[in-house]
Amino acid sequence: MKHFLSLANLSSKEMHMLINKGIAIKKNPSRFSSKLKGKTLILLFDEPSLRTRISFEAGMLQLGGHAITYHLSESTVGKKESPKDFSQVLSRYVDIIMARLYSSEMLAEIARNSRVPVINGMTSAEHPCQVLSDLMTICEKRGKLKGLKLAYVGDGLNNTTHSLLYGCSKSGVDVSIGCPKQMMPDSKVLAKAKEFAKIHGSKVHVTASASEAVSGSDIIYTDSWMSYHVPHNQEKSRHKILMPYQVNKQLMKHAPKALFMHCLPAKRGAEVTDGVIDSKASIVYDQAENRLHAQKALLLWLMKK
Ligand code: CP
């Protein structure tokens, strides 16, 4: 059974195939409009979502299938039954599962016990659907991946950073992380990304200096300083630590030709200023749109269509 839980498990060839397929679907969506006729996707959420939920729901409908959204707050899992029983039962009703869960362990347990493919719709550790779509967006805008430099600045210890480390290192994109020392990426993820980089001819660099990280980059990327699981009472202290990593016009000057990316939702005035997110360099809405196309490619691949 093929699942999509982490970009670390995807080969570079598979990643490029999915990106190219996403681009082909975007160009001619009607060619794929009945590929998943009669199929059902379930979307499990224990955290909020705009992009992930709506792009998967709309994508499945546009492929001729059906999508059910199920919030874990109204479910039995973790309360009256184990993830094992939950998954064994659920996977007899549907053809594919997408889960946005805080816990990677629970996601892995659901995948282990599922009769159908399981997609990671984001955990606290990884966000592979986001980064697959981001690589497709970069390919569209720059015509290639290999040889580019992507700089990520801000909270380095988050799911998007981890998936960027895997996705970039495997596709030959140099990745440079600028983050505070107390918000460095997970050391195991970093070590794995460095191994992938060696194989695929890219570089991985981490620094506490935002200007050093972005210098000469083709893409500057940031994410929320308040990921869904961070308690609200930490907002003030995190903003103080992270303000030197804000993407503003001054920081963009270190990479005058760079595109700006953000997986959204964005807090304007925190991790990015209006002047950058609304500038010509910003491709954040294309990024959000491509969730739809890249995930359609993913659904078709996992369902062997
Ligand atoms: N980027 C992203 O995953 O957005 P949502 O949280 O709205 O799904």
Side-chain angles (χ1 to χ4, degrees), residues 4-7 10 18-19 22 26 41-62 67-73 96-104 106-107 118-138 140-141 150 152-168 185 219-232 235 247 259-268 270-272 276-277 282-299:
F4 181 76
L5 304 182
S6 168
L7 290 181
L10 207 66
L18 287 170
I19 291 167
K26 185 175 183 177
L41 162 72
I42 191 153
L43 304 169
L44 307 174
F45 286 95
D46 74 359
E47 285 182 326
S49 169
L50 164 63
R51 283 142 288 267
T52 304
R53 175 178 171 174
I54 307 302
S55 58
F56 267 110
E57 281 189 10
M60 191 62 184
L61 296 177
Q62 289 167 20
I68 300 168
T69 294
Y70 188 44
H71 292 280
L72 292 191
S73 58
I96 187 159
I97 298 169
M98 193 248 38
R100 168 169 286 192
L101 303 173
Y102 175 76
S103 161
S104 308
M106 192 193 273
L107 180 73
V118 175
I119 297 172
N120 179 356
M122 194 179 90
T123 63
S124 61
E126 290 184 53
H127 199 353
C129 290
Q130 180 64 53
V131 170
L132 180 67
S133 317
D134 292 342
L135 292 171
M136 171 181 157
T137 309
I138 296 168
E140 279 184 328
K141 299 287 175 189
L150 180 144
Y152 175 95
V153 282
D155 177 8
L157 184 57
N158 82 2
N159 42 33
T160 303
T161 320
H162 291 160
S163 292
L164 279 169
L165 278 162
Y166 289 148
C168 290
I219 297 114
I220 298 179
Y221 198 123
T222 191
D223 190 6
S224 171
W225 292 347
M226 292 295 292
S227 292
Y228 286 123
H229 60 278
V230 177
H232 285 295
E235 187 163 7
V247 183
L259 297 170
F260 172 72
M261 297 181 81
H262 190 309
C263 56
L264 304 179
K267 179 127 187 201
R268 290 162 176 258
E271 69 269 12
V272 61
V276 171
I277 198 168
S282 172
I283 55 170
V284 298
Y285 303 130
D286 295 320
Q287 250 184 290
E289 180 190 333
N290 284 342
R291 293 291 303 274
L292 176 70
H293 311 297
Q295 288 163 189
K296 280 186 185 175
L298 182 62
L299 289 167

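In listed order, ligands and their atoms are each counted from 1. Computed from heavy atoms alone, side chains included, the values below leave out hydrogens, waters and symmetry copies.
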Tell me whether Arg100 is salt-bridged to Asp46, with the criterion being a basic N under 4.0 Å from an acidic carboxylate O. no

What atoms of ligand 1 come within less than 4.0 Å of a heavy atom belonging to Leu50? 5 (P), 7 (O), 8 (O)

Nearest heavy atom to atom 4 (O) of ligand 1, choosing from Glu47, Arg51, Arg291, belongs to Arg51

Can you check whether Ala125's main-chain N or O pairs, donor with acceptor, with His162's side chain at less than 3.5 Å? yes

I'd like to check the side chain to side chain donor-acceptor pair (under 3.5 Å) partners of His262; sequence neighbours left out, ordered by chain and number. Glu271

Would you say the side-chain atoms of Asn290 and Glu140 include a donor-acceptor pair closer than 3.5 Å? yes

Are any of the N/O atoms in Cys263 less than 3.5 Å from those in ligand 1? yes

Taking 4.0 Å as the limit for heavy-atom contacts, which would you say applies to Gln130 with ligand 1: side chain only, backbone only, both, or neither? side chain

Quick note on ligand 1: atoms under 4.0 Å from a heavy atom of Tyr228 include exactly 5 (P), 6 (O), 7 (O)

Report yes if some heavy atom in the side chain of Arg51 is under 4.5 Å from a heavy atom in the side chain of Phe56; otherwise report no. no

With heavy atoms only and a cut-off of under 4.0 Å, state how Arg53 meets ligand 1: side chain, backbone, both or neither. neither

